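Computed from a predicted structure; not experimentally measured.
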Amino acid sequence: MTRKKALTNEEREILVINWFQIRLQHDNDNYAASYEIAHGIGMSPSSHVRRILKGMEEKGMLEGIDMHQPGRWTSRGYRLKSGTFSRIPKEKR
């Protein structure tokens, strides 16, 4: 059995951007919690994922908001920064 090489932070950032692009192509521009993003890119939710997302927000790749859910703690929601990726509009017939 061979071990796979772990992805670098830059490679994980590309996975996150691609995951958001797929969401945009399905008309979903909502904010996503780090838990949802982690599962979307095949990782378990962890502080490592949160550090990657926070770094991407600081670099201007993502925009984040505090999401308040009733009866729960506040979580951070992320989405692609406007202008990072734009969905090609569907052609009208």
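Here Gln21 contributes atom CD and Leu80 contributes atom CG; the two are 6.5 Å apart, rounded to the nearest 0.5 Å. Annotation: the span from Arg76 atom CZ to Asp66 atom CG amounts to 5.0 Å, rounded to 0.5 Å. Ile37 contributes atom CD1, which lies 8.5 Å from atom CE of Met56 (distance to the nearest 0.5 angstrom). Note that OG of Ser34 is 8.5 Å distant from CE of Met67, once rounded to the nearest 0.5 Å.
Between Glu11 and Asn9, the closest side-chain pair of non-hydrogen atoms is not below 4.5 Å. Residues Asp29 and Arg79 form a side-chain contact, since some pair of their non-hydrogen atoms from C-beta on lies under 4.5 Å apart. In this structure, Glu36 and Tyr78 have side chains that are not in contact, with every pair of non-hydrogen atoms separated by 4.5 Å or more. Using a 4.5 Å heavy-atom threshold, the side chains of Pro45 and His39 count as touching. Between Met43 and His48, the closest side-chain pair of non-hydrogen atoms falls below 4.5 Å. A 4.5 Å side-chain heavy-atom check between Glu13 and Lys59 finds at least one atom pair inside the cut-off. Inter-residue side-chain proximity for Leu62 and Phe20 is flagged as met; some heavy-atom pair is nearer than 4.5 Å.
For the side-chain contact (heavy atoms from CB on, under 4.5 Å) with Ile41, the qualifying choice from Val16, Ile52, Ile14 is Val16, the only one to do so.
A salt bridge does not link Lys81 with Glu57: every distance from a Lys NZ or Arg NE/NH1/NH2 to an Asp or Glu carboxylate oxygen is 4.0 Å or more.
Taking hydrophobic clusters as Ile, Leu, Val, Met, Phe, Trp and Tyr residues chained together by side-chain heavy-atom distances below 4.5 Å, Tyr31 does not share a cluster with Met61. At a threshold of 4.5 Å between side-chain heavy atoms, the hydrophobic network of Ile, Leu, Val, Met, Phe, Trp and Tyr places Leu7 and Val49 in one connected group.
At distances below 3.5 Å, at least one donor-acceptor pair connects side-chain atoms of Arg23 with backbone N or O atoms of Asn30.
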